[in-house]
Participant: 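First the structure, then my questions, so here it is.
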There are 2 protein chains.
Amino acid sequence: MREKELRRSMSVLPIGTVMKLTDLTARQIRYYEQQDLIKPVRNEGNRRMYSLNDIDRLLEIKDYLDDGLNISGIKEVYKKQSQLEDERKKNLKKGLTDSDVRRILQDEFLNIGGLKPPSSTFDNPNNFNKFNH
Amino acid sequence: MREKELRRSMSVLPIGTVMKLTDLTARQIRYYEQQDLIKPVRNEGNRRMYSLNDIDRLLEIKDYLDDGLNISGIKEVYKKQSQLEDERKKNLKKGLTDSDVRRILQDEFLNIGGLKPPSSTFDNPNNFNKFNH
DNA sequence: AATCAATGTCATAAAATATAACATTAGCTA
DNA sequence: TAGCTAATGTTATATTTTATGACATTGATT
């Protein structure tokens with residue numbers, strides 16, 4: 001599955017192709033780049049080259065705009081996403097899997113309001129709760 | 001799985017990209033087209049546009065040439081392939097599956113030479129010999 | 001009415017591609 | 001060996017595509 005990801009991130013499409021695939025104008029595509037929503041690679045001759053991931057991103061942007069979101073709103077969405085992404089990676093480096101994290105979050109909710117757990121035995125063995133975000 | 005096939009057959013790559021992906025020169029790529037080994041689509045401006053399938057085909061051609069096959073040899077290979085493909089489709093339209101076809105072929109071989117099935121027990125059970133290819 | 005975000009339009013320069021012609025190279029054959 | 005041919009290189013010219021920047025338009029919001 002790693003190879004597929006590689007393929008999707010290879011910058012092989014010129015802007016003309018991207019225009020057709022996304023039904024956006026060159027002006028729009030370049031404008032979204034200027035707003036840091038996408039970051040196409042440049043080839044030796046300074047032409048922008050796009051990947052399939054870029055196509056997906058552009059289609060997403062189109063959808064968001066159609067939904068009434070403006071560009072700075074879209075920027076926030078992506079900022080939040082990459083923050084979550086970063087955190088996931090950090091946890092992963094700490095040896096925690098996604099399901100670990102889900103378990104931890106659930107424990108947090110269980111203790112909301114400073115409730116003491118019912119019986120004393122198996123509760124919160126690793127002191128997962130006092131998070132300050 | 002149909003969508004993937006569609007993606008692979010979409011002509012979205014300019015010749016410059018194809019050159020990089022295949023490590024062929026524009027001259028070579030156009031020459032193979034002239035020899036009917038590939039058939040890129042033209043865009044409105046008469047530029048050749050290639051698909052991922054074209055890339056695969058070009059890499060194949062490269063391999064064949066490296067193996068010492070010449071272009072008319074490669075053409076024969078592809079002609080044979082499309083013949084087999086056609087036949088498979090025809091059978092499929094007749095409602096025969098691939099394994100049906102295999103069974104039929106095996107039956108054919110069993111009766112080669114007009115032999116009656118052997119009443120004698122274990123002699124040459126599949127009539128392996130009198131093939132004329 | 002003034003402002004601003006998103007996009008359109010236009011001019012200019014540079015890069016990429018198409019086409020066609022002629023050149024080179026390496027392998028085969030008379 | 002000389003000649004032939006397949007595959008590829010090279011070069012010139014025309015057309016298309018793209019980049020960039022400036023100015024224009026549009027529609028929403030204040």
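Not measured: the values here are computed from a predicted model. Below, chain A is the first sequence line, B the second, and so on; all start at residue 1.
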Participant: Assuming nearest nucleotide by heavy-atom distance, tell me which of E44(A) and R42(B) is located more 5' along DNA chain C.
Facilitator: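 Closer to the 5' end of DNA chain C: E44(A).
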Participant: Looking at dA7(D), I'd like to know if its phosphate oxygens (OP1 or OP2) sit under 4.0 Å from a side-chain N or O belonging to Y31(B).
Facilitator: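 It does, given that an N or O in the side chain of Y31(B) lies less than 4.0 Å from OP1 or OP2 of dA7(D).
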Participant: Just by distance, do the side chain of D54(A) and the backbone of S51(A) share a donor-acceptor pair under 3.5 Å?
Facilitator: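 Such a contact is found between D54(A) side chain and S51(A) backbone.
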Participant: Using OP1 and OP2 only, check whether a side-chain N or O of R27(A) sits under 4.0 Å from dG21(D).
Facilitator: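 Negative; the distance criterion is not met.
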Participant: Determine, step by step, whether L52(A) and D56(A) satisfy the side chain to side chain contact (heavy atoms under 4.5 Å, CB included) criterion, reporting the C-alpha distance in whole Å, the side-chain angles of both residues, the deciding distance to 0.1 Å, and the verdict.
Facilitator: CA-CA 6 Å; L52(A) 290 178; D56(A) 286 344; 5.6 Å; no
Participant: Testing Q28(A), K39(A), R48(A) one by one against E33(A) for a side-chain hydrogen bond (donor to acceptor under 3.5 Å, both in side chains), which residue passes?
Facilitator: R48(A)
Participant: Think R30(A) has a side-chain N or O under 4.0 angstrom from the OP1 or OP2 of dT20(D)?
Facilitator: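 Checking R30(A) against dT20(D): no side-chain N or O falls below 4.0 Å of OP1 or OP2.
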Participant: Taking D63(A) for the side chain and E60(A) for the main chain, is one N or O donor matched with an acceptor at less than 3.5 Å?
Facilitator: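 Not at all, since once roles are kept as given, no pair shorter than 3.5 Å links the two residues.
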Participant: Measure CG/D23(A) against P/dT7(C) and give the value in whole Å, please.
Facilitator: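 Those two atoms, CG and P, are 13 Å apart.
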Participant: Which nucleotide, dT7(C), dA18(C), dA7(D), lies nearest any side-chain atom of I71(B)?
Facilitator: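 Minimum distance to the I71(B) side chain belongs to dA7(D).
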Participant: Check this one for me: any side-chain N or O of N43(A) less than 4.0 Å away from OP1 or OP2 of dA16(C)?
Facilitator: yes
Participant: Do side-chain atoms of S82(A) reach the backbone of E85(A) as a donor and acceptor pair under 3.5 angstrom?
Facilitator: no
Participant: CG of D66(B) versus C1' of dT8(D): gap in Å, rounded?
Facilitator: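 Interatomic distance, CG of D66(B) to C1' of dT8(D): 14 Å.
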Participant: Where along residues 45-58 of chain A does a heavy atom come under 4.0 Å from DNA chain C, residue by residue in number order?
Facilitator: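 Hits under 4.0 Å, by residue number: G45(A), R47(A).
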Participant: May I ask you to evaluate whether T25(B) reaches the phosphate of dG9(D), defined as a side-chain N or O under 4.0 Å from OP1 or OP2?
Facilitator: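 So the side chain of T25(B) is within the cut-off, an N or O lying under 4.0 Å from OP1 or OP2 of dG9(D).
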Participant: Would you kindly compare M19(B) and S72(A) by the position of their nearest DNA chain C nucleotide and give the one closer to the 5′ end?
Facilitator: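 Per heavy-atom nearest nucleotide, the more 5' residue is S72(A).
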